[in-house]
Each structure stands twice: as C-alpha cells, then as structure tokens.
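Residue numbers begin at 1 in each chain, while the letters A, B, ... track the order of the sequences. Everything quoted here is computed from the prediction, not taken from an experiment. Just so it is clear, the values below take in all heavy atoms, side chains as well, and ignore hydrogens, waters and symmetry mates.
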There are 2 protein chains.
Amino acid sequence: MATLKRISVQKTRLADEIYEQLLIAIGAGDIAPNERLVQERLANELQVSRTPVREALLRLEQEGVLETSGRSGFVIRQISNAEVREIYQARIAIEGFAARLVTERNDKAVYEQLRNLVLQQESIKRVDISAYFEANRTIHRAIVEKANNRFLLEQFDSIWNRSNSFRMFAKIDDVDLDKSLGDHIPLIDAMASGNGHDAFEAMRDHIEGGLTLQMDAILNS
Amino acid sequence: MATLKRISVQKTRLADEIYEQLLIAIGAGDIAPNERLVQERLANELQVSRTPVREALLRLEQEGVLETSGRSGFVIRQISNAEVREIYQARIAIEGFAARLVTERNDKAVYEQLRNLVLQQESIKRVDISAYFEANRTIHRAIVEKANNRFLLEQFDSIWNRSNSFRMFAKIDDVDLDKSLGDHIPLIDAMASGNGHDAFEAMRDHIEGGLTLQMDAILNS
DNA sequence: TTCAGGAATACTGTATACAGTATACAACGT
DNA sequence: ACGTTGTATACTGTATACAGTATTCCTGAA
C-alpha cells in the first residue's frame, strides 16, 4: 500500500486560537490600554468556556503582553521608556548576531532573496501603522530566518510580540516611517559585503536609528 | 497611626509552584527521558486538582521543555545535536552582547564584583553535574545582569532553562568541566580591558569552547 | 506464534461548579 | 457634600464533571 499522508488533524487547542486572536486584537488596537480582559466576558463573546480563555490569558501574561490586575482581570502591560530602550538593545543582540551569521554563510542567493523581499515589502501600500509594523517585521524576521537558528527566531518573535502590543510605532510620523522602511536595502548591502562584524554594526545602526525615531516621537507627544 | 507593613500576600498560584518543582525535578534527572507526565497522576501526587497541574505543563510545553505526546501525556522534549549547536549560538548572541554592554559601561566596580563571584563559584565543592551547571549558570547570569537589560536576562533564563532540562553537561567529563569553570577569570579580564568588541569575542570563544566540549562528549558516548 | 479486529481504558481538552477575596456600591451619619 | 462602614458583586483560582479519541489489551483465527 502506498504511504498515505496523514490527513491534517488540526490537533488545535481552543486556547491557541484564542491566544492568536487576542494578540491580533491587541496589535490592531482593538483593545484599549486600560480595558479589562475578564475571563467570563471573553468566554461569552467567543462562545467557549472559561478554561481555554484562561489558558490563553495566562500565556499572554507569561510572555509579558498582559499583566494581572488583581481581582479585576487582565490588562495590557504598559511599557516604560526605559523598557523601550531595552527592547531595542535586545533586538540588536539578536538581529545583529543573526545578520553576522547570515553574512558568514556567504551565500549570494540569500542576499538576492532578501533584496527581493525588501523591495516587495517597501512597495506595499501603507494605509496604517499596523501595515508599516508588519512590513518591517517581515523584513527583519526574514533576516533572522536565514540565520538558520530556531532559538534566535523564537526570541525574535517573543520580543516583537511585545512591541506589537505596545503598538511601538504608533507615535512616529508617517514620513519618518517611510524613510526608515527605505533603509533596508543598504542594510542588506552591508551584509553582502561579506564581513560579519560590519553586518552586525550595520544592523546595530539601523536599529538604533529606529530607537531614536521612537524616543523622539515619545518625547514630542 | 504607624504605617504598617503589608503582610506578605503570597499571591502565588499553585501552577507556579508546580512549574518550579517540575523544572527542578527535570534538571535533577528525577524524571526519566521517556517518562510520561500524566496530569491526573501528578495531581494526585501533589494533592491538588488537575487544573494547576495542567497549567504548569502547558507552560513548560510552551517553553520547549516538554512536548505533548498525543493522548499519552507530556514527555521531556529531546534536543537534537543540531539544536545543541543552535542553543550555544543563541547564547553567543545574548551573552556576547551583554558582555559588550557591560564593558561599555566601563565601571571598575562591576568587574570586581564579577571577579569575586567567579572566585567564589569556582571554589565550591562540585559533587555532581548539577552543581557544575548551577555554578556556571550563576557566573554567566551575573554578567548578563550587569548589562541592565531585563529582556536580555529573560532570554538568558529561557535558554538556560532548556539546557537545564536537557541536562546539558551530563555527558561531559568532570575534568573538562573543571577546566571550563576555571576559564572565567580570563573572560572577565577581557571585559575589563575596555574594548566592547574584544569582550564580545572573548565571550564567543568561551562559549564555543563549551560547545566543543559538549559535542565531543556527545559523539564519544 | 502472529496478526486482525474490537472492546476497554486512559488520557486529554473543555465545560461547569464551588470557594474565597478584592472591588464596587449603597446607606448612613457627620 | 464627604467619609465610613457594612453588604453585595465580580472576578479569580481551584476542583470536579463530562465528552471524545488515541492507546492498550484481549480474544480468536490463521
């Protein structure tokens, strides 16, 4: 008998779907910063019981997206300015080293794929902040993916999920975001130059540029 | 009226305690690699209900320590050789950059504190692998702590928890572990020399030395 | 002995029930 | 109006109940 493919079993837990939905809702700003996420209310809205809702909320709490507000439910965790700086710094550690690893692979095909992706993402219509955010995330994630290290990728996702919930770019002017998004080709070029250290420093400069924009926007708002 | 201290509220969830216990038990090797962790059995042993046990297991699954084994409970997730390499590589990203940050702070007092800690940890009686592991973890964690970045520290913990559950050093000879533990003072010296890049590379060399020991041990066993 | 088939079971995932405590509210006195 | 006290409520955390499916075990035929 021919070996048959296992039919997709969708061994999916409700908790996972709820987790995803909440993350998206938070990123889209559909949940107000002070809104209380109450298990029973969410369960009613989603037409499930409290159990999977609770599991999703606990996971988001664990990941630093939500925090428990005593006996009044969960709330989106607010990030201080100091934490914003630390997030960008941690990104340098991960994405900078990923850029170095990619460079040390020295595979021309990889650079071409990255360049194509950047061009494609830069050309999308950016109607809102979320679109900017996703384009940026897609580009940076692709670089980390090319480093072939699932732990670096995991940590990338972990840190970006938090930025997502903070709606990191919400305060930056469109014109600056546009400029920042256009900064990616030089980054790939630096990687393609072949020196791992230069690649790291290029990523570092790029991310620090983003941090500067972010902090200026916060201070001017 | 005198201001009274808030009595310790211990707003602790059972799930958190169970999580800690399981992590310790796994690290100590008290749970066999193929042992099935069944919710109801654990609940009976711990004299609690399935709910907090399940929450702890789900968290450990999420963190990559356990994996679900279909309808036969949870099992310790085995790590492939490729993943071992990736773990060490991710450590270079995080701990290397942390070393650079510490060096760029250029605070003499910090180096002294680190040196004292290293001397203290190197002198402990090492009765078993776990003691080695913890001494090593303590030293490296202290360095990351000095970088003053809670996200780097979080990622450090995340990755070391996995190593712990993998019983990372279990196969390495005592004599090699001894030598490796003695390698930390030169590392601090390199940081104290004041150049951030050198600090990064020193940490990189140090961690890659550990990787070599690890891989040799695996291949010879 | 080995394999197929089917019943029993073991375990998960989800729903519901219960207990306890912080929070909100209302009533009262000042 | 304002604060204080008692009471109701809302919400969490934990326990238990239920449903469904993979896994195991047993039986019997080849």
From the set [options], return the single nucleotide nearest to any side-chain atom of [X].
{"X": "B:Leu14", "options": "C:dA24, C:dA22, D:dA15", "value": "D:dA15"}
{"X": "A:Val38", "options": "D:dT23, C:dG13, D:dT12", "value": "D:dT12"}
{"X": "B:Glu40", "options": "C:dT14, D:dT14, C:dT12", "value": "C:dT12"}

(request) For the pair B:Glu40 and B:Arg54, find out whether any cationic side-chain nitrogen is under 4.0 Å from an anionic carboxylate oxygen. (result)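 A salt bridge is absent here (no side-chain N lies under 4.0 Å from a carboxylate O).
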(message) Just by distance, no angles: are the side chains of B:Trp160 and B:Glu95 close enough, under 3.5 Å, to form a donor-acceptor pair?
(response)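 Side chains of B:Trp160 and B:Glu95: pair found under 3.5 Å.
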(request) Apply side-chain hydrogen bond (donor to acceptor under 3.5 Å, both in side chains) to B:Asn136 and list each qualifying residue two or more places apart in sequence or on a separate chain. (result)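 For B:Asn136, the residues satisfying side-chain hydrogen bond (donor to acceptor under 3.5 Å, both in side chains) (neighbours in sequence not counted) are B:His184.
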(message) Just to verify, what does B:Glu61 make a side-chain hydrogen bond (donor to acceptor under 3.5 Å, both in side chains) with, not counting sequence neighbours?
(response) A:Arg13
(message) For a quick check of understanding: with a heavy-atom distance under 4.0 Å over all strands, which category does A:Leu58 fall into, base, sugar-phosphate or nothing?
(response)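 Nothing, no nucleic acid heavy atom in range.
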(request) Could you tell me whether A:Leu57 contacts a base, only the sugar-phosphate backbone, or nothing, with contacts defined as non-hydrogen atoms closer than 4.0 Å? (result) nothing
(message) List the residues meeting salt bridge (Lys or Arg N to Asp or Glu O under 4.0 Å) with A:Arg71, not counting sequence neighbours, and say none if there are none.
(response) none
(message) Please give me every residue in residues 46-56 of chain A whose heavy atoms get under 4.0 Å of an atom in DNA chain C, ordered by residue number.
(response) A:Val48, A:Ser49, A:Arg50, A:Thr51, A:Pro52
Gap between atoms [atom1] and [atom2], on [X] and [N] respectively (whole Å):
{"X": "A:Glu61", "N": "D:dG13", "atom1": "CD", "atom2": "C1'", "answer": "12 Å"}
{"X": "A:Phe74", "N": "D:dA10", "atom1": "CZ", "atom2": "C1'", "answer": "15 Å"}
{"X": "A:Arg71", "N": "C:dA22", "atom1": "CZ", "atom2": "C1'", "answer": "6 Å"}
{"X": "B:Leu66", "N": "C:dT12", "atom1": "CG", "atom2": "C1'", "answer": "15 Å"}
{"X": "B:Asn44", "N": "D:dT16", "atom1": "CG", "atom2": "P", "answer": "10 Å"}

(request) Would you please confirm or rule out a distance under 4.0 Å between OP1 or OP2 of D:dT12 and any side-chain N or O of A:Arg41? (result) no
(message) Check the phosphate of C:dG13 against A:Arg13, side-chain N and O only, distance under 4.0 Å to OP1 or OP2. Yes or no?
(response)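 Indeed, a polar side-chain atom of A:Arg13 lies that close.
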Please tabulate, one pair per line, all N/O donor-acceptor pairs under 3.5 Å involving side-chain atoms of residues 143-152 of chain A, not counting sequence neighbours.
unit_1, atom_1, unit_2, atom_2, d
A:Glu145, OE2, A:Arg141, NH1, 2.6
A:Lys146, NZ, A:Gln113, OE1, 2.4
A:Asn149, OD1, A:Phe151, N, 2.9
A:Asn149, OD1, A:Leu152, N, 3.1
A:Asn149, ND2, B:Glu86, O, 3.0
A:Asn149, ND2, B:Gln89, OE1, 3.1
A:Arg150, NE, B:Glu86, OE1, 2.7
A:Arg150, NH2, B:Glu86, OE2, 3.1

Using atom types as modelled, flag every donor-acceptor pair under 3.5 Å from a side chain in residues 17-37 of chain A to any protein atom, sequence neighbours excluded.
unit_1, atom_1, unit_2, atom_2, d
A:Tyr19, OH, A:Glu63, OE1, 2.6
A:Tyr19, OH, A:Glu63, OE2, 3.4
A:Glu35, OE1, A:Ala32, N, 3.1

